[in-house]
Amino acid sequence: MNMRIGAALALGLLLSGCGGGDGGDAKIGPALVALTQANYDGITQEVTASVASSDALFSALDVASPASADTASVVLLASGQPDALARFALAEVNRSFTGRVKAAAVETGTELCDVGGSISATVNDVDNSGSATVGDRIAITATNCVFDSGEPALNGALSIRILSVAELDGYGDLVSGSLALSFTDFSSGDVGLNGSAVLTISPSAQTLDFNGLVARYDGQTRVYDFAVTADVVDSTVSVVGPITVNGSTYVLATPTLLQLGTGHPVAGTLRVTDGHGSRVDVVMGSTSYTASLYLAGDDLLDDSATHSW
């Protein structure tokens, strides 16, 4: 087991997530803090940062040769971006079960990190098959793990469990199926994660469905219950469900599907509603995005703000 690869990917994993997939606001009450001209821009920036992807989810999920995530991805993940989380989970599953000795159902390994601390992983191959099967588990624990001088220490635990297997490739790697992800006090510097998500993959689409994943970043707390689905064929992304920003819950939708580029969406509309009848439509562009506020009572534009990426 190449623990060094898994650990490096874990750093890049820190943030992004089953639960609120349908996103119907009938299941949640009105936001504690309604959208107003005074606050909508700040709320919109927080939400947009949580949805924007560090790179296109559909291209990040290359299960045959998963890309390594660098330590800068920690910040991107902490903003609620799903691609590094999905990439890491698939990389761990495929790396852990490819070429394993079938005689060992449970395999544990620990390595010292380059600068200090340690990281360990336990793979439980429930049927000794050496390939991904339902019930297989991977548990990763980091203790003050620092890979490069000046980087924050990685701490906490991440577990991955295979929920379903629809298709494996010729190497035993997962092509279609689903994984349960669970974070326990998983942190690096000012980034912290607690909670769970379900990743569902197929050759044509990937969905990351958050279940109350609590993300702490830069003094802010966000709770993700929305689902992000990336269509591999047309390179579009839908976002559906609730997000809680500093204690107030809003509902997300994409009336026009998002088109992801490198670093952020380049087209499409993200809608944020507060349950009080007001909404913000965030129109994505190649160099900026514009948030337009529509207060309850009519469908007239009340205010707008544009921000560069």
Side-chain angles (χ1 to χ4, degrees), residues 1-18 61 63 66-69 71 73-74 77 84-147 151-165 168 171-175 177-188 191-201 208 211 213-214:
M1 174 182 295
N2 186 337
M3 296 296 300
R4 178 65 177 84
I5 294 176
L9 287 168
L11 274 173
L13 224 208
L14 224 4
L15 179 331
S16 89
C18 139
L61 298 180
V63 297
S68 296
T71 53
S73 295
V74 171
L77 284 168
L85 177 62
R87 179 172 59 225
F88 174 76
L90 288 173
E92 283 300 309
V93 169
N94 294 330
R95 182 186 62 81
S96 298
F97 291 107
T98 299
R100 292 195 60 247
V101 178
K102 294 183 180 181
V106 180
E107 177 183 321
T108 299
T110 300
E111 281 193 0
L112 298 177
C113 301
D114 294 345
V115 176
S118 63
I119 190 163
S120 63
T122 298
V123 179
N124 186 352
D125 186 0
V126 293
D127 60 358
N128 281 15
S129 66
S131 62
T133 50
V134 174
D136 288 348
R137 295 174 180 266
I138 303 166
I140 300 166
T141 302
T143 304
N144 294 319
C145 176
V146 179
F147 290 112
E151 289 182 351
L154 180 68
N155 285 283
L158 166 64
S159 67
I160 304 170
R161 178 168 55 93
I162 298 178
L163 297 177
S164 65
V165 177
L168 300 175
Y171 300 97
D173 289 348
L174 189 65
V175 175
S178 59
L179 312 172
L181 316 176
S182 179
F183 296 90
T184 304
D185 296 328
F186 202 67
S187 67
S188 178
V191 175
L193 291 177
N194 277 284
S196 61
V198 169
L199 171 64
T200 302
I201 67 168
L208 192 55
N211 183 21
L213 182 72
V214 180

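Note that the numbering runs from 1 along the sequence shown for the chain. Any value given below was found using the heavy atoms of this structure, including those in side chains, with hydrogens, waters and symmetry copies removed. Keep in mind the model is a prediction, meaning the values are calculated, not measured.
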How far apart are the C-alpha atoms of Val126 and Thr133, what are their side-chain angles, what is the distance that settles it, and do they pass the side chain to side chain contact (heavy atoms under 4.5 Å, CB included) test? CA-CA 8 Å; Val126 293; Thr133 50; 4.2 Å; yes

Stepwise side chain to side chain contact (heavy atoms under 4.5 Å, CB included) test for Asp127 and Asp125: CA-CA 6 Å; Asp127 60 358; Asp125 186 0; 3.1 Å; yes

I need the Ser120 OG to Ile140 CD1 distance, nearest 0.5 Å. 9.0 Å

So which atom in Asn194 and which in Asp185 form the shortest heavy-atom distance, rounded to 0.1 Å? OD1-N, 2.7 Å

Which distance, rounded to the nearest 0.5 Å, do you find between the OG1 of Thr143 and the CG of Asn155? 6.5 Å

With Ser164, which residues qualify under side chain to side chain donor-acceptor pair (under 3.5 Å), at least two apart? Ser178

When rounded to the nearest 0.5 Å, the distance separating CD1 of Ile160 from CZ of Phe183 is 8.0 Å

Apply side chain to side chain donor-acceptor pair (under 3.5 Å) to Thr200 and list each qualifying residue two or more places apart in sequence or on a separate chain. none

Quick check: closest heavy atoms across Leu199 and Leu208, and the distance to 0.1 Å? CB-CD1, 4.0 Å

Working to the nearest 0.5 Å, report the span between CG of Leu181 and CG of Leu179. 6.0 Å

Set out, in order, the CA-CA distance, both residues' side-chain angles and the distance that settles side chain to side chain contact (heavy atoms under 4.5 Å, CB included) for Cys113 and Val146, then state yes or no. CA-CA 6 Å; Cys113 301; Val146 179; 5.6 Å; no

State, to 0.1 Å, how close Ile119 and Leu154 come at their nearest heavy-atom pair, and which atoms those are. CD1-CD2, 4.2 Å

